[in-house]
Amino acid sequence: MRLSEISESFRIAVDALRINLMRSILTTSGVVVGVVLVVVMGWTIKGLDAVWEQTIGIIGRDMLYIDKWSWSGGKNWRKAEARKDITMRQAFLLADRMESAESVIPLARKWGGSVAYANKTVMCSIQGTTYEYGSTPAGTCMEGRWFTESEDIQTQNVVVIGYGVNKTLFPDGGAVGQSLKIAGIPFRIIGVVEKRGFIFMDFIDNQVFIPLGSFQSAFGFFDRSFSVAIKAGNERLLNIVRDEAVGHMREIRNVPPLDEDDFSVNEMQAFESQVSTIRLVIWIVGIGLTVLAFIVGSIGIMNIMFVSVTERTKEIGVRKAIGARHSSIQMQFLIESALLCMTGALIALPISQLIVGSAHWIAMGPLEQEWMSVVSPFIPVDLLLIAIGVSLIVGLLAGFLPARRAAGLNPVDALRFE
Amino acid sequence: MSDVSTDFIIDIRHISKVYEMGDEEVHALRDVSLSIGHNEYIAVMGPSGSGKSTLMNMLGCLDTPTAGLYLFNGENVSDMDDDDLADIRNREIGFVFQTFNLLPRASSLQNVELPLVYAGLNKHDRHERAQEALTSVGLGDRVDHRPNELSGGQRQRVAIARALVTKPSIILADEPTGNLDSKTGQDIMELFDALWRGGNTVILVTHEEDVARHARRIIRLRDGLIESDAPNELHASL
């Protein structure tokens, strides 16, 4: 194949597309839809992954929570409700017996407690816990600090507030050092936890943390189910730690050997399968629609290429008469078909960017979905290249039969064609 | 008759062409033999259905014979494949058609360059030779014009330039004045005369006596057979 022929083919193809501009654009609409679907789907999955990464960071990959309730909730809710509470004694026994974990932290929770500052009151979850919780991802402070071991032991009335509570009560900042009232008791604010709440767990920002002793004074431990936060210290230790924790808990709660656990072990892995299911659904639906769009698109392109061959039969005859080989004619039409498809891809890219950009802007702006900030507002470059590559291949496939017909025309008949 | 001779550009021996039209067989050419030498000026004449067009397609290597032998510059063309035929056409034959057959969206220069594109010449050489060919047909100042900006006569001159640009062994013109008024047709015929005088081999396919009388040898076909093949008496005295 000669360079002169290739550049000639490009010139002809561009010319042919320009002459029939409207027809070309309409023909590529299937490809446009296909490319838009590929790109938007890819962006969605990438976004989901980014949000998931962020979410997993909130809890920590090496964290387990032993709880009466299961995070997966739903169908297990009734079963969980029937369970006996995890008592303070059980929680501390577990903490005592655990050997493989870095830290084991009992948590007492009061749902819907009122927290008041000046004339403002918010309803939030109040957590009683130990100084160790400050070293887990969930206890990382953006202002101030977590309570110390001595403050914990001495049961001082200090509080670390969540990001959401801080935003509500202290929109202008300056929370640390102020005094709050929890259940009527004054607490000094010593820290503010950084923003943890993302799409999957927005409630996390809406809580405050106080030492367990202070919690007991304010709310008591009677009729209250404890949680135990276990920090394995390393993601690889998670299985060992989980096994140990389950063993101790069964023993502590006297679970007969063949019965199932009467408590839940909550961890981020529980969500992993849900996230991959969502991914899979997006993939299947997206790929299905994309393939459909490309099939429809390629049929349209093949059709218009056959029309183009017929329209230019005489021209093909002339070219053959003056020495165009089989391959020259074939390539001319393949290039035209590929360019037609690439035009579709070029039209699709700004449309995809518009969709992605708008979705991002709407989520961030009017809908105030701050988790969106971890998702890029731009279509990813690799998807862009994939989309262009796929449309190129579709173009070549769709152009194959028309190009072969053109190349196979008998020059005598083609020249006689009117 | 002699053996294979390189004196001839075209050497056709006992050629026949049969078309299948449904159940019927149409004998477009029956046992035609013909040889054409360098710098001949020939008119192929005959009424429609005489096999004139079939012979022209054969001579132009657009089609291959059903039987017989066709030697082009000593090369056997009769059983060449399509791509080899395309190369022969590109190198050896310059076509001029009744309807000009220029590419409508290409400039004169681009039209004339086209055979050189398929010959694989680089851009610079193509431009140079196409410009040269256009100048030789008197259109050196019309290189950027498109066919629709040219008169019929000018279009045919572009077509002739395209035929000349590869410096082919023969120029094969099919009713070259058929779509032109008589004055313009006359001009075009004078151009063919000049090409012939310049050393080119020209074959005209026509049914017009006015066109044929320019040629030095006239071959008349009827019913797929050569009826006569003789020097043009008009020029006998020259």
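If you're wondering where the values come from, they're calculated on a predicted model, not measured in any experiment. Chain letters run A, B, ... following the sequence lines, proteins first, then strands; residues in each count from 1.
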Spacing of CG belonging to B:L103 relative to CZ belonging to A:R312, to within rounding of 0.5 Å: 9.5 Å

Crowding at CZ, A:F378 (>12 non-hydrogen neighbours, <6.0 Å): no

For the student: nearest non-hydrogen atoms of A:I322 and B:N90, plus distance: O-ND2, 2.8 Å

B:L62 portion near chain A, given a 4.5 angstrom heavy-atom threshold: both

Heavy-atom check, side chain of B:R162 versus side chain of A:V318, under 4.5 Å: yes

B:R91 versus chain A, the contacting section by heavy-atom distance below 4.5 Å: neither

Side-chain touch B:L114/A:E8, heavy atoms, less than 4.5 angstrom: yes

Region of B:D82 in contact with chain A, defined by heavy-atom distances below 4.5 Å: neither

Closest-packed option against chain A by number of heavy-atom pairs under 4.5 Å, given B:L116, B:D87, B:D83: B:D83

Heavy-atom proximity to chain A below 4.5 Å, by part of B:E113: neither

Which atom of A:A324 lies closest to which atom of B:A86, heavy atoms considered: O-CB, 3.6 Å

Nearest-0.5 Å distance that lies between atom NZ in A:K314 and atom OG1 in B:T99: 3.5 Å

Region of A:R11 that comes under 4.5 Å of a non-hydrogen atom in chain B: side chain

Side chain to side chain contact (heavy atoms under 4.5 Å, CB included) evaluation trace for B:R89 with A:K320: CA-CA 9 Å; B:R89 291 195 296 268; A:K320 290 202 144 192; 4.2 Å; yes

Heavy-atom donor-acceptor pair, B:R105 side chain to A:D15 backbone, under 3.5 Å: no

Approximate separation, where rounding is to 0.5 Å, of A:R325 CZ and B:L85 CG: 11.0 Å

Shortest non-hydrogen separation from A:G323 to B:Y118 and the atoms involved: O-CB, 3.7 Å

Distance (rounded to the nearest 0.5 Å) between B:Q110 CD and A:I12 CD1: 10.0 Å

Interchain contact, B:L102 with chain A, by part (heavy-atom threshold 4.5 Å): neither

Portion of B:A163 that has a non-hydrogen atom of chain A nearer than 4.5 angstrom: neither

